[in-house]
Amino acid sequence: MSSLDTPVYTEATAKPEPRQVALSHLSVEVGHLYMEDLLGGEERIRTQFRRVAPWLTAVRQAQAVELGGVKPRISTCFLIDDYFRPDTDPSVIVPQLLDIAAECGIQIDYLAREAGCHEAERVPLAEVTAAMLLPEPPVGTTGSRPPVQDSGWLCNGERSPDNTGRQAMMPAVAWAPAEEFGKRNHSIFLDVELWKDQTVTVDGVRRVERKWSCPFLAAVWQLVRLGQLRYAGEPVAQPQPWSGSWPRHWRDLPAVVQLSERPQPFSAYRTASILPKTYLKIEHAVTVILDHLDLDDAVVAQTARRAEAEGLRLPAQLTDRVAHVFIEPAESRAERAW
Amino acid sequence: MLVFASSDKGGTGRSVTSCNIAFHLAQRDDVAYLDFDFGSPTAGAIFDIPRAERGIERDGLHTYFTDGITDPRHLDVWHATDRADLRGANVRAGRLSFYPGEMGGAEFAISDTATTRCAELLTRLDQEYSVCVVDLSAGRSTALEMVLAATAQPMMRAITTRWLVFHRWTRQHIVAAHGLVYGERGIVEIGASAGHDPEALRDAIRFVRIAVPNLKEHNPGQTAAQATWLFTYDEELRKLAVDKRLGKSRVLGMTPVEPVLQYREQLISDSDVSTKIANHATVEAFRELAARLSDDAVWEGM
Amino acid sequence: MVILGEVRTSLLHNSLPLPRDAVADLLSLRPGRQVTATDRPINRTVSPETVIGVDCAIASEPRVRARGIGTVAAHAVVVGGLVAQASARVRLEWTADRERKPWAHYARRRGVVEVLGGVTAEQVLAGYHRPGRQADTMDLGAVCQRLLTQVQGRPQLDHRTGLRTRPTSLRWTAVAREDERPSVRLHIDDEVQRTLQVVVPPDLLGEAARFCEDLALHDWLYTALGNVVGQAERDMAIGADPMGVLNAALSLLVRLWMPGAHVDLALRPLWQELETTPGFTESWDRQVAWMRDQVSMRTLSALQEARH
Ligand SMILES: Nc1ncnc2c1ncn2[C@@H]1O[C@H](COP(=O)(O)OP(=O)(O)O)[C@@H](O)[C@H]1O
Ligand SMILES: [Mg+2]
């Protein structure tokens, strides 16, 4: 029986522990390129990997210091943007990418697809993550009303009051600025679009199609790397070795491909992402999303127990386990526009 | 069973008549009365509930639709009414629950959320009450559009739903009632666009003629010419009604002119009749309307 | 340690009891999260937990300014493929904080509400059990109702009413006390509202919710049966046939009566207390016997009439 097409039951008294995944100490994302960059010639790719390499060394060292004598288990990974550009050819892109990385002294252990953060081996990861959203209540939220969160949006504060959907002949509500929760003196208010629903007609049948946003998929990506997602207790998006030639379509690849032989585990207690600075706002949005999730508490507890057994210090807050290094972009957008 | 009370015009007697129908139904069944006349919530006055005369202060139906509360307030008419003759009059009566709107409440924009909430509320109450009477606003209103959309939702398909259209016995009223049901952007057209089967919807609609004068009654102040004119004109209205598809087979019933109601909107109880204040024929008309409303034979397809 | 909870109970909106697989499907409210089910002695299926955030005043008696911040946990339960319950609860934890912490702190403590301010546990318990909710305080009832509405609106149901019944709501508190025998106090506020106070040893606090859900189920069954008897008597008084409602109730409700079946062994003595006063099963049995008598008498006289 597949866990996908039938609900799984267990006796209530004996709900099994979620299955464990192997964990490294650290998962390092070694750069990120838009599909246009990948298609835009070797030089762009080379420039970025050259900039990533010294930081990768630094991140490894930092992890070693943190562990104080224990040999660090570190794996590297790289995410491909195939969700928004599935029309490109992996058999061209992947070999080139891997060659240049190797040339710059970067070994990529795992190659992952962004579309796999939407759905990996038929498990709807994005949907599973969306069901974990736990919006932050404004002061005065009693539970009497459904959360005011607009469907498809998540923010880190309270929006400006709006005047839609009210009764006729009612005085309009005065304008007030949006406000960040827990701000320090001033607000940095962020409202993140998580998805967009579009009605499409396929074979004469109208249905709603959901397009997940880049920050939302990036949040799923972090959760997968942190080993926090399960589907009915089972691990998801597990790396699969790939041998032979690269296919012509991204969808023919597993969500996470294992590239090197006997690498450290893909998922880890902590993550570090070395990214061009253009991703700063996306990662800000990712942080907001990760801070507003009702995680599977059995998985959270299990991870904490394992860390303790290993003698590791692990911050309780998920986003405290996520680190970033922002580097100079391959070519700024403004320059490219010229 | 859900009963929607509509009319093209205001002041037809929709609220008073549907309150009286609910009152009679509640003599043996659990009944809910919902005031969806969002522009002017006044059914509280008809039940003689002083604290809800023009709606209640908070947590009424308006807030349920616009603000997302889960439990709109309701009042037990038998307890809340000021009329001593209704309280405890029938020890075997069912419940009569009144869901009022809000004081100062107004019409609101229709939205998918409001429609869904409407379907949820009506489904929930249908599980609890044998009959829910929903008093809509006059004409092509938000309330009417919303309930047409709500009742077309899959979750509500299995619920027996009946539509009443109230009108006075005049030329204009007959034409207007016809328009509300069969006309452009009328109940059938809007219902069909919301997903109703237009034929089934049409078969679930009956007309109620309000305050129809009794011409057979001896009227000493009337001249012979007047009487002849009235008879002729009454006959013409009958023909018009048939032409406009408001004829006998589509009529649930009628109410006679009731002097008490010309002065005061209220429930007419047996004690009003026994004290000779109200006419026996009026109570009988309400009772008959209530009986025919729940008689499936009356509602078989045409 | 204190838990506040509420359970709303209603008949599942379906013409017939739902088979066990369909129930599991019905309660799969969160993709990826498990539905749990027990089959003996009767099927009881529980949805995954849902959570919502709150930050509001906490009711107390006498009124003291107190603020609660955290999350309400709720789940839906279906028993025997027939009765739907929504159950919401919070565990209160007192804190010396004076302000709200970053949300992630609360988000990772499912079903915990931190209490800020100088209110005592006794005051909160008294405030929670007062009839009618103090305005702008935590509203577990609404959380339950939304969940129940969500379940009742699911496409697995045919939305046909097999028997007209009234939903009931039970507000409960559980207090952990060291070295005290478990005890229970049930109060019937009105036709649909009940309050329940439970005292248990600390290690059994987690089991209290299940006991309260079980009690809410049986209280609802008891109430529903009482209403059926009332309806039957009303029908008989006006010469109408009460067989429809009697038969529906007998075939749907009676087999669900199993007080304590799904309750932790250590808490079953609480049921025994309630069986002594007010006494549930004995009067349930008497009502059922009355209904069966009516049905058999009527069947018998119908048979005799047919023979003449
Ligand atoms: N059968 C009747 N005879 C005389 N007056 C009536 C009758 N039915 C209703 N009325 C009166 O007509 C007026 C309008 O009735 P109401 O129920 O308020 O109308 P609506 O709800 O359609 O606006 C009220 O004053 C009411 O008492
Ligand atoms: Mg009116």
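Convention: sequence-line order gives letters A, B, ...; per-chain numbering from 1. Excluded from the calculations below are hydrogen atoms, water molecules and symmetry mates; all remaining heavy atoms, backbone and side chain alike, are included.
- Within 6.0 Å of the CD atom in B:Glu288, the count of heavy atoms belonging to other residues, nucleotides or ligands does not exceed 12.
- With hydrogens and angles left out, the side-chain atoms of B:Thr116 and B:Glu120 include no donor and acceptor closer than 3.5 Å.
- Counting only distance, with no hydrogens or angles, the side chain of B:Tyr129 and the backbone of B:Arg95 share no donor-acceptor pair below 3.5 Å.
- At least one donor-acceptor pair under 3.5 Å links the side chain of C:Arg234 to the backbone N or O of B:Arg28.
- For B:Arg124, the part sitting under 4.5 Å from any heavy atom of chain C is the side chain, from C-beta outward, and nothing else.
- If you measure heavy-atom distances from B:Ala93 to chain C, the contacts under 4.5 Å come from the backbone alone.
- Residues B:Gln127 and C:Ser10 bring no donor and acceptor atom of their side chains to less than 3.5 Å of each other.
- With a threshold of 4.5 angstrom between heavy atoms, C:Asp235 approaches chain B through side-chain atoms but not through N, CA, C or O.
- Of the possible donor and acceptor atoms, none in the side chain of C:Asp219 sits under 3.5 Å from a partner among the backbone N and O of C:Leu215.
- When the candidates C:Thr165, C:Asn227, C:Thr149 are compared by the number of heavy-atom contacts under 4.5 Å with chain B, C:Thr165 comes out ahead.
- When the candidates C:His159, C:Arg146, C:Glu233 are compared by the number of heavy-atom contacts under 4.5 Å with chain B, C:His159 comes out ahead.
- When each of B:Pro154, B:Gly68, B:Gly94 is scored by its heavy-atom pairs under 4.5 Å with chain C, the top score falls to B:Gly94.
- For chain C, the nearby parts of B:Ser130 are the backbone and the side chain; heavy atoms of each come within less than 4.5 Å.
- Residue B:Arg157: no heavy atom, backbone or side chain, is found under 4.5 Å from chain C.
- Remark: aromatic rings of B:Tyr99 and B:Tyr64 are distant, center separation not under 6.0 Å.
- Interface remark: C:Gln150 contributes no atoms to any contact with chain B (heavy atom separation under 4.5 Å).
- In terms of heavy-atom pairs under 4.5 angstrom with chain B, the leader among C:Asp158, C:Thr161, C:Asp139 is C:Thr161.
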